[in-house]
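The residues of the chain are indexed from 1 along the displayed sequence. Note that ligands are numbered from 1 as they come in the structure, with each ligand's atoms numbered from 1 the same way.
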Amino acid sequence: MLSLSHLHKTYSGPAQRAILQDVSLELVPGDFIAIVGDSGCGKSTLLNLIAGLDLPDSGSVRLQNREITALDDNTRTRIRRRDIGFVFQAFLLLPYLTVLDNAALTLKLNGITHREAQHKAQAALSAVGLSELIHRFPGTLSGGESQRVAVARALAHEPKLVLADEPTGNLDTESADVVLQLLRDRVKAQRSIGILVTHSSDAAATADRIYRLHRGTLHAA
Ligand SMILES: Nc1ncnc2c1ncn2[C@@H]1O[C@H](COP(=O)(O)OP(=O)(O)O)[C@@H](O)[C@H]1O
Ligand SMILES: [Mg+2]
């Protein structure tokens, strides 16, 4: 289960502004929720805190009874690799690895054998409709194709928590439907937890519940 408790976050700098002010949320296995909100309201900031990529000023993130926010950098990285799948808004594919190796990367970092990692990565790529492109390099892909590789990479290691930051922002309606259905199906089948950040009300409507992030706080929408 995932528990966010009284998260506060302000970025330091000249125009200091509290981005998150008292965000709390409890999710249980099988939950697939959407977070919506205006551009710049702090959605990506919140996902970064949940993934332990950044730390809050105060408050805590607990995943499966481990307080992520109390762990050191290395331990957070290890937990992220094993238990979290993150679809980054900017994809963050590695340019010098093929599509297949990008999708297999987390599995390999987790110590899975080369063969099994390739097998699982191939299955994830096939699920997003990219079987034909596995030997290409990211530089040769369209935005939509890159986004689907990012989704495959986030799902290939069957994480307990999937964080998807605008995962359909570059997709046409048909591919968006495939990706949203896949995210939802995986969460339900594996009893993981899925958090979908999106601008699209159609995308948000595929979630069990919708929350709105507004002026630093999260409300049921
Ligand atoms: N590392 C950072 N340093 C300073 N300000 C930041 C940083 N990251 C994001 N911000 C600011 O925090 C606000 C929220 O950003 P973000 O979480 O990316 O919003 P969203 O994902 O909802 O569009 C924005 O005003 C953004 O400019
Ligand atoms: Mg964002």
* Polar-atom distance check: Ser12 versus ligand 1, any N or O pair below 3.5 Å? -> no

* Report yes or no: does Gln89 have an N/O/S atom closer than 2.8 Å to the Mg ion (ligand 2)? => yes

* atom 18 (O) of ligand 1 [closest protein heavy-atom partner, distance rounded to 0.1 Å] -> Ser44 CB, 3.7 Å

* **Geometric N/O contact Gly42 with ligand 1, under 3.5 angstrom** => yes

* To do: State whether any protein heavy atom lies less than 4.0 Å from atom 21 (O) of ligand 1.
  => yes

* **Donor-acceptor side-chain pairing of Asp172 and Ser175 below 3.5 angstrom** => yes

* Do other residues, nucleotides or ligands put more than 12 heavy atoms under 6.0 Å from Arg66 CZ? -> no

* To do: Establish whether Phe137 and Leu94 are linked, either directly or via other cluster members, by ILVMFWY side-chain heavy-atom contacts under 4.5 Å.
  => no

* Asked: Do any of the N/O/S atoms of Ser44, backbone or side chain, fall under 2.8 Å from the Mg ion (ligand 2)?
  -> yes

* Taking side chain as C-beta onward, heavy atoms only, is Arg81 less than 4.5 Å from Thr77? -> yes

* May I ask you to list the atoms of ligand 1 that are less than 4.0 angstrom from any heavy atom of Ser39? => 23 (O)

* To do: Can you confirm whether something in the protein, heavy atoms only, sits under 4.0 Å from atom 4 (C) of ligand 1?
  => yes

* Asked: For Gln21 and Thr217, what are the C-alpha separation, side-chain angles and deciding distance, and is it a side chain to side chain donor-acceptor pair (under 3.5 Å)?
  -> CA-CA 6 Å; Gln21 311 186 56; Thr217 57; over 6 Å; no

* To do: Considering only non-hydrogen protein atoms, determine which one is nearest to atom 17 (O) of ligand 1 and report residue, atom name and distance to 0.1 Å.
  => Thr45 OG1, 2.6 Å

* Asked: Within a strict 4.5 Å, meaning less than it, do heavy atoms of the Val162 and Phe32 side chains meet?
  -> no

* To do: Could you check if a side-chain atom of Phe86 sits within less than 4.5 angstrom of a side-chain atom of Thr106, using non-hydrogen atoms only?
  => no

* Among Leu46, Leu163, Ile210, which one satisfies side-chain contact (heavy atoms from CB on, under 4.5 Å) with Ile35? -> Leu46

* Asked: Is the side chain of Arg184 donor-acceptor paired with the backbone N or O of Thr206 at a distance under 3.5 Å, no angle test?
  -> yes

* Please state whether Gly37 comes within less than 4.0 angstrom of ligand 1, counting heavy atoms only. => no

* Structure fact -> Looking only at protein heavy atoms, what sits closest to atom 25 (O) of ligand 1 is Arg17 NH2, 2.8 Å

* Can you tell me the protein heavy atom closest to atom 23 (O) of ligand 1 and the distance? -> Gly40 N, 2.7 Å

* Structure fact -> shortest atom 6 (C) of ligand 1-to-protein heavy-atom contact is with Tyr11 CD1, 3.1 Å

